[in-house]
Amino acid sequence: MKRLLGAALAATMLTAGAVQSAEVKIGFVTTLTTGGAVIGIDQQNAVNLAIEHMGGKMGDLDINLIFGDDGFKPETGKQVTDKLVKQDDVDFVAGYIWSHVLLASRKSVLDAGKFLISANAGPGPVAGKHCNENFFSASWQNDQTPMAMGEVLNQNGVKSIYIIAPNYAAGKGMVAGVKRTFKGEVLGTDMTAWPTQLDFSAELAKAKASGAEALFIFYPGKAGGAFMKQYQQAGLKETLPLYTVFTVDALSLPKFQAANFTDVLGSQFTQQWDPTLDNDQNARFVADFRAKHGTYPSFYAAQAYDSMFLIKSAVEAVNGDLSDMDGMRAAMKAATYPSVRGEYTYGNNHMPIQNFYLREVVVGDDGNWTTKVVKTVYEGHQDTYAAQCGL
Amino acid sequence: MKTLSKTGWLTFAVMLALAILPPVFFLTGNAFYLDLATRLVILGIAAVGLNLILGYGGLVSFGHAAFIGLGAYAVGIPSYHATWGGFDMVASYNGLFHIALAVGISALFALVTGAISLRTKGVYFIMITMAFGQMAFFLFQSLNVYNGDDGLTIDVRSELPFINLDKPLHLYLLSYVSLVVAMIVVKTIVNSRFGMVIKGAKGNNERMITLGYNTYIYRLTAYVISGAMCGYAGFLLGNFTTFISPDMMHWTRSGELMFMIILGGVSTVLGPVLGSSTFILLEEVLSSLTIYWHLPFGLMLIILVLFIRGGLMGLLIRKGR
Amino acid sequence: MDYTLLFIQTLNGVQLGLLLFLVASGLTLVFGILDFVNLAHGSIYMFGAFICASLTYYLGNFLWAVLVALPLTGLVGYFLERIVARHLYDKDHLDQVLATFGLILVLDTSAHLIWGPEGISVPLPAWLDGQVEIFAGAVIPTFRLLIIGTGLVVAGGLYWLVNFTRLGMLIRAGASNRTMVSALGIDISTLFALVFALGAMLAGLAGMLISPITEASIGMGGQIIITAFVVIIIGGIGSMKGAFVAAILIGLIDTLGRSFLDDIFQLFMSEAAAETSAPAVSAMMIYILMAIVLAFKPLGLFPPKVR
């Protein structure tokens with residue numbers, strides 16, 4: 001015991017001596033174990049690709065990247081974040097797929113005066129009353145995507161919907177978002193246990209019995225695949241059309257294709273990004289990602305890729321002087337980096353003001369299932385929490 | 001007698017290391033290792049508390065994480081309301097009030113659930129205590145005010161006289177002293193007449209009843225003390241992590257707590273502390289090596305049960321003989 | 001009251017109950033006759049699902065895959081018994097809980113290493129992928145009916161096995177009095193391995209049946225195992241009848257709770273609060289049921305006669 005601690009002490013002394021070289025340290029917290037790991041590994045691949053594209057350098061500084069596994073749990077996420085901040089003394093902490101993990105971890109990063117870059121999660125409190133000058137989102141605010149979907153429902157003339165979503169921070173945000181813009185009637189909402197519940201027979205039966213014209217769901221990760229299949233097995237496609245957000249993605253499509261689950265072709269969902277968006281950064285990202293991993297990148301990957309270039313723009317703006325927090329903050333706020341989604345700007349709460357597109361699942365030119373953009377739902381859309389933010 | 005002195009020496013060495021090393025790490029700029037030590041000492045308190053009934057009493061409770069969670073929420077809920085308003089009855093930053101609440105609520109929960117659980121025995125006892133733990137888990141999951149599943153961030157820590165819990169060193173020293181007190185309390189209890197009855201009932205409950213002891217009352221009392229100690233550990237843990245969620249009460253957490261005791265050695269005062277220390281350090285080292293760390297961890301668990309009698313204490317003490 | 005919905009939800013509840021029964025029956029067999037607490041039983045359920053999923057792609061048909069996967073899962077169970085479980089029979093329950101908890105970690109990580117983290121989606125043959133209209137408005141997926149059918153057949157088979165065969169006699173004898181069985185000159189070691197493999201096959205079958213609905217995924221075992229334990233504790237350890245009754249009861253409570261609890265909650269709390277509280281409370285109900293049953297019947301609903 002004593003010897004163990006002694007050895008640990010010696011080891012830290014050694015690493016402490018080596019820290020002062022010219023490098024930028026970035027911690028990336030994502031999910032590398034449990035069923036959520038599919039997403040985490042996709043993000044990891046994208047981050048590694050970004051670094052490869054940067055030639056391993058941001059300005060003159062070498063990139064020292066450390067991945068942390070949140071194990072799909074807020075508590076574990078906070079623990080690895082604490083370690084990145086206190087032990088590894090990183091300059092930036094990025095990542096965070098899950099809203100509840102981000103909410104649990106944000107204080108650890110921000111209290112230490114470091115930058116926190118979300119590569120996915122965008123819960124309301126972070127955008128509103130808990131907004132912080134050192135927090136930036138490389139993705140979206142949770143409510144934005146479902147708000148766009150609510151708009152699509154209106155445009156399609158849908159009069160009533162039924163909602164099924166998981167019972168955690170993001171699920172609640174998605175429900176609030178769609179309810180905010182959808183003008184028709186919400187005939188019922190079911191919140192399901194997260195992430196444990198994967199059988200939705202009872203909820204689907206209720207949705208059907210409600211007589212709603214359409215069904216709105218939010219099920220990221222493996223729950224999405226389970227839901228889509230049960231929806232199909234219940235034969236609801238004709239009577240209760242499905243509108244989803246963050247449920248069908250480039251991670252589930254290959255699995256659906258392998259299982260020849262053709263019902264998913266033609267399904268539509270809203271998003272701020274699509275692999276077919278026409279800009280140089282996106283073309284390079286998608287082509288190289290596919291060449292390397294054989295699959296289309298997911299939006300999770302796209303955002304993770306963006307988060308690295310956002311950080312790079314900050315580091316280069318201050319010529320590698322990482323003590324210049326104000327300079328780096330101003331650089332990120334300007335959002336001049338080449339984003340794969342095209343140009344966007346930041347609001348006062350450092351949430352993107354950006355376009356949202358309607359995407360549709362199609363068979364790609366190489367035979368693989370992918371998506372294309374149907375139309376632009378919102379142009380330059382800002383989240384509603386910005387007004388609550390004092391920045 | 002010789003074994004006893006060796007145990008005494010080992011206890012002294014471990015406790016001395018825990019007293020000196022973590023503060024030294026902190027003062028030399030390795031704040032993270034103090035964090036690690038704080039976590040290990042707090043879980044040590046909980047393990048020492050659980051060992052009172054699990055080790056000495058032979059009552060395998062699979063739901064003790066619930067008490068830790070209750071204790072943590074006894075910090076989180078009053079602090080939350082003191083910051084954001086509402087529920088004036090409990091809204092407070094007063095640490096002494098938090099401690100009283102943590103210990104009181106856990107003791108009460110232990111009294112009610114213990115009274116029912118102790119009617120059963122063996123595996124049924126294991127499972128019914130787990131059921132009560134799960135009930136607490138789901139209860140807090142359903143409390144929307146405190147974010148349910150997403151957990152609660154504690155913005156302001158408990159305020160205590162002379163001690164500033166915002167300072168990591170203060171928090172650690174309070175936890176350390178609490179651990180020492182907990183160990184002394186348990187040692188005193190098991191050496192008392194009360195303790196003799198508890199231990200006697202583990203060996204042969206019927207005999208103790210025939211001897212005229214109402215073992216049910218004795219066991220219930222021990223269960224309440226044990227629950228209260230875990231509640232107190234929860235108070236510390238809440239102040240330490242400043243983030244609490246129903247996950248703290250999940251049955252797997254209760255399992256980990258049990259594992260710490262077995263790892264260290266049941267029915268010993270030092271065992272649970274040794275167990276929690278090894279558990280936390282092992283978790284830290286293995287998880288930093290590979291994301292597949294559950295594999296070697298699980299294997300060690302199996303090997304421990306199959307081949308090492310009496311846990312680390314058994315191993316260390318025997319080797320010296 | 002929407003009776004069609006109530007009927008559908010009841011069927012859904014029975015289906016969930018029968019799946020639970022498949023897992024719980026193996027658990028209660030192993031627990032009853034070997035006095036062995038096997039937390040890793042859920043991992044066998046997961047292995048069943050993964051083996052079946054892989055075979056579905058290899059053989060091109062889900063049903064063939066199930067037929068091949070069943071004995072394979074039995075083999076997995078057999079080897080687990082030989083390598084780990086048998087060494088734990090003479091330990092106390094605490095040690096068994098810990099060792100099998102370790103086994104969960106090992107098996108789950110192994111599955112992660114073998115099949116990757118993403119899980120496998122299992123396609124059904126077209127004739128199973130549709131729906132059946134039981135009466136006007138009451139439509140249920142064909143595959144869920146198949147699960148109900150399979151569950152009932154297995155339950156019937158187990159009833160016959162336990163009550164009318166020599167193996168069943170030994171199982172019943174073993175559940176109530178172990179020393180008697182060994183006194184009969186039975187090769188206990190083989191009997192134990194056989195029972196263990198049978199339990200593994202039952203759990204594996206449950207995993208195979210759920211995989212076309214949810215897909216095979218890491219950690220799926222950890223979620224069902226505790227519910228299965230609640231089932232056998234409520235039913236009485238070692239009692240097949242108890243496991244059946246308790247499984248159906250819990251399946252119904254869980255499904256009906258999820259369906260109707262939020263409507264009931266809305267009578268006395270806000271809509272948003274009801275929506276978020278209801279799932280947690282309906283998940284809590286099975287534990288409340290267990291605590292109530294044990295408070296009044298400390299050995300469960302149908303305890304084996306002699307212990």
Side-chain angles (χ1 to χ4, degrees), chain A residues 1-6 8-9 11-13 15-16 31-33 37 40-41 66-69 71 73-89 98-108 111-112 123 125 129-130 166-172 191 193-196, chain B residues 10 13-14 16-18 20-22 24-26 28-37 39 84 138 141-142 144 147-155 166 168 237 240-248 250 252-253 273-274 277-278 281-285 287-288 290-294 312 316:
Chain A
M1 168 78 208
K2 217 168 164 180
R3 219 178 307 143
L4 223 160
L5 278 176
L9 178 67
T12 37
M13 297 272 181
T15 43
T31 309
L32 299 173
T33 52
I41 288 166
I66 305 162
F67 284 100
D69 173 25
K73 283 194 197 129
E75 216 185 330
T76 318
K78 182 181 184 292
Q79 271 178 45
V80 298
T81 306
D82 277 334
K83 189 177 180 191
L84 286 170
V85 170
K86 291 187 178 171
Q87 169 72 0
D88 301 314
D89 194 27
W98 314 106
S99 293
H100 51 346
V101 179
L102 180 69
L103 285 171
S105 313
R106 50 168 267 281
K107 213 166 166 297
S108 302
D111 285 358
K129 64 178 180 179
H130 289 309
N167 193 14
Y168 82 109
K172 292 170 198 163
M191 305 296 283
W194 178 258
T196 46
Chain B
L10 190 65
V14 169
L16 191 69
L18 281 178
I20 294 172
L21 284 181
V24 168
F25 280 128
F26 182 73
T28 50
N30 291 291
F32 177 72
Y33 287 98
L34 186 74
D35 269 14
L36 212 58
R39 181 181 299 280
W84 304 105
F138 285 117
Q141 236 185 29
S142 74
N144 205 19
N147 300 335
D149 224 2
D150 300 332
L152 191 61
T153 300
I154 298 177
D155 291 313
D166 284 332
L237 197 61
F240 167 63
T241 60
T242 64
F243 171 77
I244 51 182
S245 76
D247 243 13
M248 299 172 87
H250 197 249
T252 48
R253 295 310 176 80
V273 183
L274 221 49
S277 308
T278 316
L281 293 178
L282 215 57
E283 190 181 62
E284 187 54 43
V285 171
S287 67
S288 66
T290 164
I291 60 164
Y292 301 109
W293 63 279
H294 275 160
L312 288 173
L316 289 170

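The structure displayed is predicted, hence computed values, not measured ones. Residue numbers begin at 1 in each chain, while the letters A, B, ... track the order of the sequences.
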Participant: So do the side chains of A:His100 and B:Ser245 get within less than 4.5 Å of each other, counting heavy atoms only?
Facilitator: no

Participant: With heavy-atom distances below 4.5 Å as the criterion, would you say the side chains of A:Lys78 and B:Thr242 are in contact?
Facilitator: yes

Participant: Out of A:Ala104, A:Pro123, A:Ser99, return the one with the most heavy atom pairs under 4.5 angstrom to chain B.
Facilitator: A:Ala104

Participant: Can you name the nearest heavy-atom pair linking A:Trp194 to B:Asp149, along with the distance?
Facilitator: O-OD2, 3.1 Å

Participant: Go through it in stages, so that I can follow the logic: the residues are A:Lys172 and B:Asn144, the test is side-chain contact (heavy atoms from CB on, under 4.5 Å), and I'd like the CA-CA distance, side-chain angles, deciding distance and then a yes or no.
Facilitator: CA-CA 11 Å; A:Lys172 292 170 198 163; B:Asn144 205 19; 3.6 Å; yes

Participant: In Å and rounded to the nearest 0.5 Å, what is the CG to OG distance from A:Asn167 to B:Ser142?
Facilitator: 9.5 Å

Participant: Relative to chain A, which segment of B:Leu10 carries a heavy atom at a distance below 4.5 Å: side chain, backbone, both, or neither?
Facilitator: neither

Participant: Under 4.5 Å, counting heavy-atom pairs only, tell me which of A:Gly71, A:Ala37, A:Ala169 racks up the most with chain B.
Facilitator: A:Ala169

Participant: Rounded to the nearest 0.5 Å, how far does OH of B:Tyr33 lie from NZ of A:Lys86?
Facilitator: 13.5 Å

Participant: Just give me the residue among A:Arg106, A:Lys73, A:Lys107 that pairs up with chain B most often, heavy atom to heavy atom, under 4.5 Å.
Facilitator: A:Lys107

Participant: Begin with the C-alpha distance, continue with both residues' side-chain angles, and end with the deciding distance and a verdict on side-chain contact (heavy atoms from CB on, under 4.5 Å) for A:Glu75 and B:Arg253.
Facilitator: CA-CA 12 Å; A:Glu75 216 185 330; B:Arg253 295 310 176 80; 3.1 Å; yes

Participant: Taking only residues two or more places apart in sequence, or in another chain, which ones meet B:Thr153 in a side-chain hydrogen bond (donor to acceptor under 3.5 Å, both in side chains)?
Facilitator: none

Participant: Enter the distance from B:Asp155:CG to A:Asp111:CG here, rounded to the nearest 0.5 Å.
Facilitator: 9.0 Å

Participant: Within this structure, what is the CZ-CG distance for the pair B:Phe243 and A:Asp82, rounded to the nearest 0.5 Å?
Facilitator: 11.5 Å

Participant: Can you measure from CG (A:Leu32) to OG (B:Ser287) and round to the nearest 0.5 angstrom?
Facilitator: 11.5 Å

Participant: For A:Lys83, is the NZ atom crowded, meaning more than 12 foreign heavy atoms sit under 6.0 Å from it?
Facilitator: yes

Participant: For A:Leu103, is it the side chain, the backbone, both, or neither that has a heavy atom closer than 4.5 Å to a heavy atom of chain B?
Facilitator: backbone

